[in-house]
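Below, chains carry the letters A, B, ... as their sequence lines are ordered, and counting in each starts from 1. On a predicted model such as this, the values are computed, not experimentally measured, just so you know.
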Number of protein chains: 2
Amino acid sequence: MLPRAAKTNSYQQVASILEAEIVGGRLKIGELLPIEAELAEALGVNRSTLREGLRALEGNGLVRRVAAKRLQVTAPDPERVALTNARALGLRGASFRDLWDVQMQLEHFAAALAAERASDDQAAALRASVEALAPVLDDDEAVIRHDIAFHALIGHAAANSALELATAPMGLLLFSATRDLYRAVPAARHRLLDAHRAIADAIAARDAAGAAEWMRRHIADFRRGYEVAGFDLDAAIELRRAV
Amino acid sequence: MLPRAAKTNSYQQVASILEAEIVGGRLKIGELLPIEAELAEALGVNRSTLREGLRALEGNGLVRRVAAKRLQVTAPDPERVALTNARALGLRGASFRDLWDVQMQLEHFAAALAAERASDDQAAALRASVEALAPVLDDDEAVIRHDIAFHALIGHAAANSALELATAPMGLLLFSATRDLYRAVPAARHRLLDAHRAIADAIAARDAAGAAEWMRRHIADFRRGYEVAGFDLDAAIELRRAV
DNA sequence: GTTGTCATATTGTCCGACAATGTTAACATG
DNA sequence: CATGTTAACATTGTCGGACAATATGACAAC
C-alpha cells in the first residue's frame, strides 16, 4: 500500500483548505470571504485557479453569492441538499419500494414529532396547505406540488434537521414520480386530501399518536395507489425535472 | 411575480445545462465528456468559464476525474454524499438526540433487511469486522472506525440505496462524536463488541427479527452510554475531522 | 511480443485585460 | 444638517492567449 501520491490539483487544495476553515469554525457561517485577489494572494495561486476552487465550494453549498457580489460562507441549504440527494438516489436507480420502505419508517415519526413541537403558525400553515389543495384537486401537477409541500412542512415542524434531511429527498422523488398516478386512480386524490386533513388536524390538536397513525395509513395508501395504478414497485424510479 | 430576471452567470448556465443533460439521460453515467476546448466551443463560452462550470459540477459529484485526464459523468458517490450530508448536519447544529432519534427509526430496519438480503460474502465481511474489532478494543480510534464501518456494511448489505443514504451520514457524525465516550464508560466497549457480534450472527443466520432486535438494543445502549458519560443530548454535535 | 522513443493531445496553471456593476466618497442643494 | 446626485473606485465575470506537465498512441528496435 504505497503512500498515495498526494498529487492533488491546486484548485482542489484551495477548496479543501477553505472547507477545513469552515468546518473547523475559523471561517464562521455568514462571514464574507475576502476578495478574490486577496484570497489568491494568501493561498499562493492565480485568481483563475482560486475561482475554480471557489466554484467547487459553491457546488458543495458551503459558500454562496450574496446581494453584494461578495461570497458568503454558509451552511448548506436544506432544499438544495434535498435536491442533490434526490438526484443522487435517482441516478443510482433507487426503486419506489426502496424509497417507500424508508418513508414508512420515518414519516409517522415526523408527524408525531410535529404534533409535539409545531408552533401555532406551523400548525396553521399545515391546515392552510390542506385547504389550498381542496379547490385544485383535479390538477395533477398542483396535487403533487401540494403533497410535496405538505410533507416538507411536517418535516420542518418536526424540528429535527437530521429527520428533515432524510425525508425531504424522498418526498421530492416519490411524489414527483407519481405524475400519472392520479389519472390512473382518480379516487386517490380524495383519499390524499382526507388524509392530509386528518393529519393536519391531529397535529393542530397536539395528538402525536393520531398524527402518526394517520400518516401510516396515508403512506400505506400511497403505495396501494401506486400498485393499483399498475406501476412496478421495483423499477428504478423516474427522475423528473425539479417540480 | 416577475419572470425571474434569468440573469444567471455563464458558468452557472454551463453547470445547469450539463446537469440537465446528465439527469435527462442524454449524457450517460460512465460516459466521458468531450475535451474542454470542444465543450467550450459548443456552449459558446471561454474555456476558463467552462472550467468554472465543470468545477461546480464536480462539487456536486456529477463528474469526476478519471484515470485518463478526461472527465467522466458519474452518479454521486455514496461516501461523498454521506460526508457532505454529515457536514451539512453538523453545520446546521444537529444534536445527538436529533441524530439518535432518526437512527433508532432506521437502523433496526436496515439490520432486518440485511438479514434477508446480505450475500454470503457480506455476511462473512460483517463477522470479519467483528473479529477484527476484538483485538483492538482498547484503542478508542479503532473502535470508532470499526463501528462506523460495521454500520456502513449493514447499510450496504440492506441493498436499499435510500436507506443507505439516510443512515450513512448519521453513522459518521454520531460515532465520531463519541471519541471520549469509551474513556468515560469503558464497559461500553465490550457491550458494543457483544452487540456487533450478535447482530452479525443473526444476519449470517438470516434471522431478520433477531438482527433487528439486537440492533435496537445496541442503539438504545449507545444512547445510554452517551448519557452516562455525562454528555448533553441536546447540544449541537461536534464536527470532527473525517475519520 | 515487449520495450523504448517520440510526436501529439489535453489538462492545469498562469498572466493580463476589460466591461459590467456595485460601493464609496465627494459634493451640491434644500 | 439631511438628502439626493454624481463621479471615482473596487470587484467580479468573462475573455484571450500562453506554456509546462503529462497521458496517449504510433512506430521503431529488440
Side-chain angles (χ1 to χ4, degrees), chain A residues 2-22 27-28 30-74 77 80, chain B residues 2-22 27-28 30-74 77 80:
Chain A
L2 291 179
R4 137 130 126 263
K7 181 65 178 149
T8 63
N9 295 328
S10 296
Y11 68 85
Q12 289 169 334
Q13 288 183 28
V14 167
S16 299
I17 290 175
L18 291 178
E19 178 192 323
E21 294 291 308
I22 296 172
L27 278 174
K28 298 207 190 326
E31 206 169 317
L32 294 182
L33 285 183
I35 65 174
E36 295 179 352
E38 276 179 35
L39 260 183
E41 158 93 312
L43 294 172
V45 298
N46 190 272
R47 189 161 77 97
S48 310
T49 305
L50 173 85
R51 282 173 62 86
E52 293 195 26
L54 290 179
R55 294 304 93 92
L57 275 188
E58 213 175 347
N60 279 344
L62 288 176
V63 302
R64 73 171 162 204
R65 332 217 71 48
V66 78
K69 354 181 70 170
R70 306 284 293 277
L71 280 178
Q72 187 183 40
V73 177
T74 176
D77 169 45
R80 258 183 62 90
Chain B
L2 292 179
R4 141 132 125 260
K7 182 59 180 160
T8 64
N9 296 329
S10 298
Y11 68 85
Q12 288 169 336
Q13 288 184 29
V14 167
S16 299
I17 290 175
L18 291 178
E19 178 191 324
E21 295 291 308
I22 295 172
L27 278 174
K28 299 207 189 327
E31 205 169 318
L32 294 182
L33 285 182
I35 65 175
E36 295 180 352
E38 277 179 35
L39 260 183
E41 159 93 315
L43 294 172
V45 298
N46 190 274
R47 190 161 78 97
S48 309
T49 305
L50 173 85
R51 282 173 62 86
E52 293 195 25
L54 290 180
R55 283 334 114 190
L57 275 188
E58 211 176 347
N60 279 343
L62 288 177
V63 302
R64 76 172 160 202
R65 202 152 305 318
V66 78
K69 351 182 73 171
R70 306 284 292 277
L71 281 178
Q72 187 183 39
V73 177
T74 176
D77 169 46
R80 257 185 61 92

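- Rounded to an integer number of Å, the gap from A:Q12 CD to C:dT11 C1' is 12 Å.
- Two residues are said to be in side-chain contact when any heavy atoms from C-beta on lie closer than 4.5 Å; A:Q72 and A:V63 fail this criterion.
- At a threshold of 4.5 Å between non-hydrogen side-chain atoms, the residues A:L33 and A:L27 count as touching.
- For B:T49 and D:dT14, the shortest distance from a side-chain N or O to OP1 or OP2 is not below 4.0 Å.
- With rounding to whole Å, A:L33 atom CG is found 14 Å from D:dT11 atom P.
- With rounding to whole Å, B:R65 atom CZ is found 13 Å from C:dT13 atom C1'.
- The interatomic distance linking A:L43 (CG) with C:dT13 (P) rounds to 13 Å, in whole Å.
- In this structure, the CZ atom of A:R47 is 10 Å from the C1' atom of C:dA17, given to the nearest Å.
- Distance A:N9 CG to D:dA21 P: 15 Å, rounded to the nearest Å.
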Side chain to side chain contact (heavy atoms under 4.5 Å, CB included) between B:R64 and B:D77: does it pass, once the steps are laid out? CA-CA 10 Å; B:R64 76 172 160 202; B:D77 169 46; 5.7 Å; no
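- Taking every side-chain heavy atom of A:Y11 into account, C:dG12 is the closest of C:dG12, D:dT11, C:dT11.
- When side chains are defined from C-beta on, A:E31 does not count as touching A:E21, because their heavy atoms never get closer than 4.5 Å.
- With respect to A:E52 and A:R55, no salt bridge is recorded, no charged nitrogen being found less than 4.0 Å from a carboxylate O.
- Straight-line distance from the CG atom of A:L50 to the C1' atom of D:dG13: 14 Å, rounded to whole Å.
- In this model, the phosphate group of D:dG13 is approached by a side-chain N or O of A:R51 to a distance below 4.0 Å at OP1 or OP2.
- Residue B:N46 places no side-chain N or O under 4.0 Å from the OP1 or OP2 atom of D:dT14.
- Here D:dT14 presents its C1' atom at 12 Å from CZ of A:R55, a figure rounded to the nearest Å.
- The side chain of B:E52 has D:dT14 as its nearest neighbour among D:dG16, D:dT14, C:dG12.
- Residue contacts for B:S10: at a heavy-atom cut-off of 4.0 Å it reaches the sugar-phosphate backbone alone, with no base atom in range.
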